[in-house]
Amino acid sequence: MPITNPAIRTRFAPSPTGFMHVGNLRTALYEYLIAKSLGGTFVLRIEDTDQERYVEGAVDIIYKTLKTAGLVHDEGPDIGGDYGPYVQSERMDLYKPYAEELVKKGHAYYCFCSKERLASLHKDGGVEGGYDRHCRDLSEEEIKKNLDAGIPYVIRQKMPLDGETTFHDCVYGDITVQNKELEDQILLKADGYPTYNFANIIDDHLMKISHVVRGSEYLSSTPKYNLCYEAFGWDIPTYVHLPLIQGKNEDGTVSKLSKRHGSTGFEDLVAQGFLPEAIINYIALLGWCPKDNQEVFTLDELSKAFDISGISKSPSVFDYDKLEWFNGEYIKKMTEEEFIEFAKPELSKFPMITPDLYPLFTEIMQPRITRLPQISEKLAFLLELSDYDLELYVHKKSKTTKESSLEMLNIVLPMLHEIEWTKDSLSECMTGLAEGMGVKNALVMWPVRIAASGTAVTPGGAVEVMLLLGKEESLKRIESGRQRLSAALS
RNA sequence: GGCCCGUUGGUCAAGCGGCUAAGACAUCGCCCUUUCACGGCGAAGACAGGAGUUCGAUUCUCCUACGGGUCACCA
């Protein structure tokens, strides 16, 4: 998709934790869609300012996820761009001067408080805003003395003590908070690294990000961002805060989506047989609704239809059932070639399903599965005939009994020996028999299918089961069923 | 606890002062049928509660309840 509006720039700024939570992925998706729907640029920036949380290979997971999800970025660490570097740890020298500029302007200050002192503040409880602003009004001399003495320091933002701050969010509207509620948050850590919040502001500004899109958990720190932008005299970006994704607990309550609700990582979902397109389609609709209520979307269609006004404010519950439905829809849309390719890993477990059987395999499996692993579950009977219960031969609706089943098998078995093993001849053989005897098809089909499969439910009917099994194995199994019935009834 | 945000069927959700309150998933029933699916048809199921504003509130305001988020030298 061509970039037609250079002023529109969004960014996905994950920290490399080694795991792509679907919540993060949805944020990335919306950032991508906002940019693309407006003809803008989608930027990838890696936020690795936390040295202690570095995870080997985590950045590769981010690239890989975005790639398989189809969220192609226009600028990023791997492809460059005019606003690099795109990895925060490579921009380290950049932040400190900005923090110092704020100190000079009187919007920030040096803080020499030890971690121990802060910890005791928190423990004693009740300190407004988490910090008592102990160092806020140190004299020039004291600051110089401490600096010269090499006492470690951080730089904190100096919040106004009174008044209020209002910001506008595209989703939540105007939000106002009292300035006295705002903490003098740390901008620059003692190790010289910026905090996430500060690095974000600087990078978003420098990278000319027009729309800051992020989860609603950042709503409460946004006023602090604005005060910072204003202190620098910078334009404030357009904010788009997204509602959270929650998970349903066993007791029916909901809470932030986490492992205990099931898989929440993109990779995990894919490993379970969910298609990237289905995952993307589903999460696009978790918190956003198109004007016309369309449900199934390609990424390209989403890029055209997406509109910020369709984003909802209330949190939504991740529904695995609906994801499953989407997955089934995407599977049903595949061509035979695509389906076979998709099913390859499962297909390899069934040597009897030779390429000449692929059309049949596709015909019976494609409409029946919503996830890949279901193939081997539904076809397990092919590999081994279970020691099934003879009661399976009794089916009320088909009016079959063990006696009728034995009778039918006795009649049909010799006939099957004689015929060609094709769909038409098998079908004609059995329906012809039923017709000749003046009975319902099911009366002969049911026992044949049970004997051949040993299971009550199979994808496809007797004909399909026998075709997959092959003539030799089918006859063997039916003969076995016949003998067991015969022994049981005599 | 302070502050901020939210609340339409089990779930996702449309709605933006006047509707028999859409649609989708899930559930249930019927049809199709060689079991199960697919497909088709149909059913059940919701505006958290209370005050206002208004001729009229799901929609606007306030309060209550409930849910969530946030209060780190994490991001």
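Sequence lines set the chain letters: A, B, ... in the order given, protein chains first and strands last, and positions in each chain run from 1.
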Do the side-chain N or O atoms of A:N293 get closer than 4.0 angstrom to the phosphate oxygens (OP1, OP2) of B:G23?
-> no
Could you tell me whether the phosphate oxygens of B:A75, OP1 or OP2, come under 4.0 Å of any side-chain nitrogen or oxygen in A:K189?
-> yes
With no angle test and no hydrogens, is the base of [N] tied to the side chain of [X] by a donor-acceptor pair under 3.5 Å?
X: A:R449; N: B:U34; answer: no
X: A:K291; N: B:A14; answer: no
X: A:Y196; N: B:A72; answer: no

If you look at every strand shown and take non-hydrogen atoms under 4.0 Å, does [X] touch a base, only sugar-phosphate, or nothing?
X: A:Q366; result: nothing
X: A:K378; result: nothing
X: A:G287; result: sugar-phosphate
X: A:V154; result: base
X: A:S316; result: sugar-phosphate
X: A:S312; result: sugar-phosphate

Would you say the ring centroid of A:Y320 lies under 6.0 angstrom from that of A:F318?
-> yes
Of the nucleotides [options], which one has an atom closest to the side chain of [X]?
X: A:R156; options: B:G2, B:C73, B:U11; value: B:C73
X: A:K322; options: B:G10, B:A24, B:G67; value: B:A24
X: A:Y172; options: B:G6, B:C3, B:A13; value: B:G6

Is a side-chain N or O of A:Q157 found less than 3.5 angstrom from the main chain of A:K224, in a donor-acceptor match?
-> yes
Nearest-nucleotide comparison on RNA chain B, the residue closer to the 5′ end among A:W288 and A:Y153 = A:W288
Between A:F167 and A:Y239, how do the two ring planes meet: parallel, tilted or perpendicular, split at 30° and 60°?
-> perpendicular
